[in-house]
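As structure tokens, the structure follows; a few thoughts come after it.
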Amino acid sequence: MKSEPDTFSIDDLKRKKREAWDGVRNYQARNFMRDGMRVGDGVFFYHSNCAEPGIAGLAEVASDAYADPSQFDPKSKYFDSGSSRDNPRWMLVDVKFTRKLKRVITLDELKNHPKLADMALLRKGNRLSVMPVDGKDWQYILTLE
DNA sequence: GCCAACGTTGGC
DNA sequence: GCCAACGTTGGC
């Protein structure tokens, strides 16, 4: 799961312990949260759009998917007038802090491992903020720490 | 700040 | 259904 550290970093999650992952407004990313995640699943917390893009820490899925409250809030920048409470368009999960990595495993470094070339994160043009990680890639990346 | 690679919108 | 225009993401 990607987040811009200027907005919400791994340190913010550490401090708050748990966070509703709101604001995802891409259908594919939503589907991964709604259909692909189960409570207890591991999450790589990725820092994007910053000086050192890469995996900064580990987190865990802490809830089933539910309607993102911000879509109903006219004052929120994530407000969606086309969504209704009866039939919410946007879903989210809660995420809880596990730990920071000892160091950021950078995007640049991940690109240098041929074994990881097929990761969704590394595929060309991928801008999704939520995407799946294979178990084998998860294990391999943790050995790089 | 630039720009490639998207996704969305809306006219037709 | 097509596609041009537009907006966003995110690395660099």
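Proteins get letters first, then strands, A, B, ... in listed order; numbering begins at 1 in each.
- Counting to the nearest Å, the P atom of dG10(C) and the CG atom of D108(A) are 18 Å from each other.
- Atom pair L128(A):CG and dA5(B):P shows a separation of 16 Å (rounding to whole Å applied).
- Nucleotide dT8(C) holds its C1' atom 14 Å from the CG atom of N126(A), rounded to whole Å.
- In this entry the distance linking NZ of K77(A) with P of dT8(C) reads 11 Å, nearest Å.
- Alongside Y27(A), the hydrophobic cluster contains W90(A) (criterion: ILVMFWY side chains under 4.5 Å).
- Taking side-chain N and O atoms only, Y46(A) has a distance below 4.0 Å to OP1 or OP2 of dG11(C).
- Checking S70(A) against R25(A) by side-chain atom types alone, a donor-acceptor pair falls below 3.5 Å.
- Residues F72(A) and V93(A) are members of separate hydrophobic clusters, defined by side-chain heavy-atom contacts under 4.5 angstrom among Ile, Leu, Val, Met, Phe, Trp and Tyr.
- As rounded to whole Å, 11 Å separates atom P of dC12(C) from atom CG of L122(A).
- Under a 3.5 Å cut-off, the side chain of E145(A) and the backbone N or O of L101(A) do not form any donor-acceptor pair.
- The side chain of R127(A) lies closest to dC6(B) when the candidates are dG10(C), dC6(B), dG11(C).
- Regarding N26(A), its CG atom lies at a distance of 12 Å from the P atom of dC6(B), rounded to whole Å.
- Salt-bridge check for D12(A) with R15(A): passed, with a basic side-chain N closer than 4.0 Å to an acidic carboxylate O.
- Between its opening and closing five pairs, the helix from dG1(B)-dC12(C) to dC12(B)-dG1(C) changes axis direction by 10°, a value rounded to 10 degrees.
- A straight line from CE of M131(A) to C1' of dT9(C) spans 11 Å, rounded to a whole angstrom.
- If you measure from atom OH of Y27(A) to atom C1' of dC6(B), you get 16 Å, rounded to the nearest angstrom.
- In this structure, W138(A) and F44(A) have parallel ring planes: the angle between them is below the 30° cut-off, well short of the 60° mark.
- Under the 4.5 Å side-chain heavy-atom criterion for grouping Ile, Leu, Val, Met, Phe, Trp and Tyr, F45(A) is connected to L107(A) within one hydrophobic cluster.
- Look at K2(A) and you'll find a side-chain N or O under 4.0 angstrom from OP1 or OP2 of dG10(C).
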